[in-house]
Amino acid sequence: MKRFLISTLFFFITNLIIAQLKVEVYFDFDRYDLNSQATQTLNSWIAEGKNYKVTQLFGFCDWKGTNAYNDTLALRRVNSVYNFLIKQNIKVEKNLVIRGFGEDFKQSPKQEENRRVTLIYEEVLPQKEVEKPLPKSDGPTFKEQIKTAKKGDAIRLEHINFLNHSAKIVPNSEPVLLELLCVMEENPTLKIEIQGHICCDTENKYGYISEARARAVYTFLLRNKVNRKRISFKGYGATRPIYPIPEQNSQQEDANRRVEILILER
């Protein structure tokens, strides 16, 4: 029964790993120190120069030896990788998930593939790219615009930024989302449509990004207990540009690449 539960857990975690970024390093038989190949693998990964954050470390062994011995060996391998990361100043998640599977997983026919540590990580934008202060505006605030808006008016969410070709909102956009949340809480009868728009897309290849970005804002409001009956979202791709496409400069591109709030009901 124990082996079944462990196998089930391993299957779940393995499927979770597939969707994430990972590095695998391999160990010599019955050893937990990093060999030259494992060290080279980690150094090559680090040399890519990206800002990594390690979130999970999983250790594995081949079937030779007792379960108890292999469980300990797997964790020692994890510890070797962990110590290497710390020495190389690689960022490690505060609540790092560590798991030693020993030999309790679906073994590869090639025994050398079973003697490994799987490292799960994320790529984090450098702080200088996500911590820029928001530019100040001399115009009316978002709240002020909402107060005077009528049904059918569209109001742009200023300074909400996403990773390139992504629907992931960068951290410095949080104040904008919180302001929108406050507006929804202070105006309980307000109903809106969140509209996503992109720039530069002459062939309409990336319309899905505009919808995904609108959905990201929608999801933020849902998670913060805004009634789903009051909000909806839609992506318009590049079909509603403020300036004709192709744009003439970066300012026009910025104007076309936007998220707007359409007032449906006051």
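As the structure is a prediction and not an experimental result, all values here were calculated from the model. Every heavy atom of this structure was used, including side-chain atoms; hydrogens, water molecules and symmetry mates were not.
Partners of Arg115 by salt bridge (charged side-chain N to carboxylate O under 4.0 Å, His left out), not counting sequence neighbours, listed by chain and number: Asp62. When the side chain to side chain donor-acceptor pair (under 3.5 Å) test is applied to Asn83, no partner is found at least two apart in sequence or on another chain. With sequence neighbours left out, the side-chain contact (heavy atoms from CB on, under 4.5 Å) criterion links Asn249 to Gln251, Gln252. For Lys147, there are no salt bridge (charged side-chain N to carboxylate O under 4.0 Å, His left out) partners two or more places apart in sequence or in a different chain. The side chain to side chain donor-acceptor pair (under 3.5 Å) check on Gln40 picks up nothing, with sequence neighbours excluded. Applying the side chain to side chain donor-acceptor pair (under 3.5 Å) rule to Tyr208 yields no partners; only residues at least two apart in sequence or on another chain are considered. For Tyr26, the side chain to side chain donor-acceptor pair (under 3.5 Å) partners two or more places apart in sequence, or in a different chain, are Glu24. Evaluation of the salt bridge (charged side-chain N to carboxylate O under 4.0 Å, His left out) rule for Arg31 yields Asp33 as partners, not counting sequence neighbours.
Residue pairs meeting the salt bridge (charged side-chain N to carboxylate O under 4.0 Å, His left out) criterion with at least one partner in residues 236-252, sequence neighbours excluded, are absent. Within the structure, the salt bridge (charged side-chain N to carboxylate O under 4.0 Å, His left out) test picks out the following pairs touching residues 215-235 (sequence neighbours left out): Glu211-Arg215. Identified under the salt bridge (charged side-chain N to carboxylate O under 4.0 Å, His left out) test for residues 176-186, with sequence neighbours left out: Lys143-Glu186.
What you find for Val54 and Leu96 is that their closest heavy atoms are O-CD1, 3.8 Å. Nearest heavy-atom pair, Val117 versus Gly59, reported as atom, atom and distance to 0.1 Å: CG2-CA, 4.2 Å. When all heavy atoms of Ala38 and Asn35 are compared, the closest pair comes out as N-OD1, 2.7 Å.
Between the side chain of Arg266 and the backbone N or O of Ala149, at least one donor-acceptor pair lies under 3.5 Å. Without hydrogens or angle criteria, Ser108 side chain to Asn114 main chain gives no donor-acceptor distance under 3.5 Å. One N or O on the side chain of Asn187 and one on the backbone of Val183 form a donor-acceptor pair closer than 3.5 Å. The backbone N or O of Cys61 lies less than 3.5 Å from no partner atom in the side chain of Asn70, so there is not a single donor-acceptor pair. Between the Asp201 side chain and the Ala238 main chain, no donor and acceptor come within less than 3.5 Å of each other. Here the side chain of Arg77 pairs a donor or acceptor atom with the backbone of Phe60 at under 3.5 angstrom. Judged purely by atom type and a 3.5 angstrom limit, Ser173 uses its side chain to pair as donor or acceptor with the backbone of Asn161.
In this structure the side chain of Val23 never reaches within 4.5 angstrom of the side chain of Ile120, judged on heavy atoms. Residues Thr55 and Asn95 form no side-chain contact, since every pair of their non-hydrogen atoms from C-beta on lies 4.5 Å or further apart. In this structure, Phe84 and Tyr82 have side chains that are not in contact, with every pair of non-hydrogen atoms separated by 4.5 Å or more. Leu73 has its side chain out of reach of Phe27: every pair of non-hydrogen atoms, C-beta onward, lies at least 4.5 Å apart. In this structure, Thr66 and Tyr69 have side chains that are in contact, with non-hydrogen atoms separated by less than 4.5 Å. A heavy-atom distance below 4.5 Å is not found between the side chains of Asn79 and Leu57. Annotation: side chain of Val217 is not in contact with side chain of Phe233 (no heavy-atom distance under 4.5 Å). Contact annotation: the side chain of Leu181 approaches that of Phe220 to within less than 4.5 Å [non-hydrogen atoms, C-beta and beyond].
Residue Asn224 holds its CG atom at 11.5 Å from CE of Met184, rounded to the nearest 0.5 Å. To the nearest 0.5 Å, atom CG of residue Leu85 and atom OG of residue Ser80 are 11.0 Å apart. Within the model, atoms CG of Leu42 and CD1 of Ile90 stand 9.0 Å from one another, a figure rounded to the nearest 0.5 Å. Within the model, atoms CZ of Arg258 and CD of Glu158 stand 11.0 Å from one another, a figure rounded to the nearest 0.5 Å. Atoms CG and SG, on Leu177 and Cys182 in that order, are 11.0 Å from each other to the nearest 0.5 Å. The CD1 atom of Ile155 lies 9.5 Å from the CG atom of Leu262; values are rounded to the nearest 0.5 Å.
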Side chain to side chain contact (heavy atoms under 4.5 Å, CB included) between Gln248 and Glu253, worked out: CA-CA 8 Å; Gln248 300 301 307; Glu253 290 177 356; over 6 Å; no

Thr141 and Ile146: CA distance, side-chain angles, deciding distance, side chain to side chain contact (heavy atoms under 4.5 Å, CB included) verdict: CA-CA 9 Å; Thr141 66; Ile146 289 291; over 6 Å; no

Might you work through the side chain to side chain contact (heavy atoms under 4.5 Å, CB included) test for Leu21 and Glu122, ending with a clear yes or no? CA-CA 6 Å; Leu21 300 170; Glu122 300 173 356; 5.8 Å; no

Evaluate side chain to side chain contact (heavy atoms under 4.5 Å, CB included) for Leu157 paired with Ile160, printing each intermediate quantity in order. CA-CA 6 Å; Leu157 278 181; Ile160 183 163; 4.0 Å; yes

Verify salt bridge (Lys or Arg N to Asp or Glu O under 4.0 Å) between Lys53 and Glu93, making sure each step is shown before the conclusion. CA-CA 6 Å; Lys53 180 172 70 174; Glu93 179 71 57; 3.4 Å; yes

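Hydrophobic clustering (ILVMFWY, side-chain heavy atoms < 4.5 Å, transitive): Ile261 and Leu178 are in one cluster. Hydrophobic cluster membership is shared by Ile263 and Leu221, with clusters built from Ile, Leu, Val, Met, Phe, Trp and Tyr side chains linked at under 4.5 angstrom. With hydrophobic clusters built from ILVMFWY side chains whose heavy atoms lie under 4.5 angstrom apart, Ile231 does not share a cluster with Leu264. Residues Tyr32 and Val25 do not share a hydrophobic cluster, clusters being chains of Ile/Leu/Val/Met/Phe/Trp/Tyr side chains in contact below 4.5 Å. Linking Ile, Leu, Val, Met, Phe, Trp and Tyr residues whenever their side-chain heavy atoms come within less than 4.5 Å places Leu34 and Ile86 in a single cluster.
For Phe142, the CZ atom counts as densely surrounded, since its 6.0 Å shell holds more than 12 non-hydrogen atoms of other residues, nucleotides or ligands. Taking a 6.0 Å sphere around CD of Gln111, one finds it holds more than 12 heavy atoms contributed by other residues, nucleotides or ligands.
Taking the six-membered ring where tryptophan is involved, the planes of Trp45 and Tyr52 are essentially parallel, since the angle between them stays under 30° and well short of 60°.
Lys150 and Asp153 are not joined by a salt bridge, as no carboxylate oxygen comes within less than 4.0 angstrom of a charged side-chain nitrogen.
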Run the side-chain donor-acceptor check on residues 190-198: report pairs under 3.5 Å with partners two or more places apart or on a different chain.
{"unit_1": "Glu193", "atom_1": "OE1", "unit_2": "Gln195", "atom_2": "NE2", "d": "2.7"}
{"unit_1": "Glu193", "atom_1": "OE1", "unit_2": "Tyr236", "atom_2": "OH", "d": "3.2"}
{"unit_1": "His197", "atom_1": "NE2", "unit_2": "Glu260", "atom_2": "OE1", "d": "3.3"}

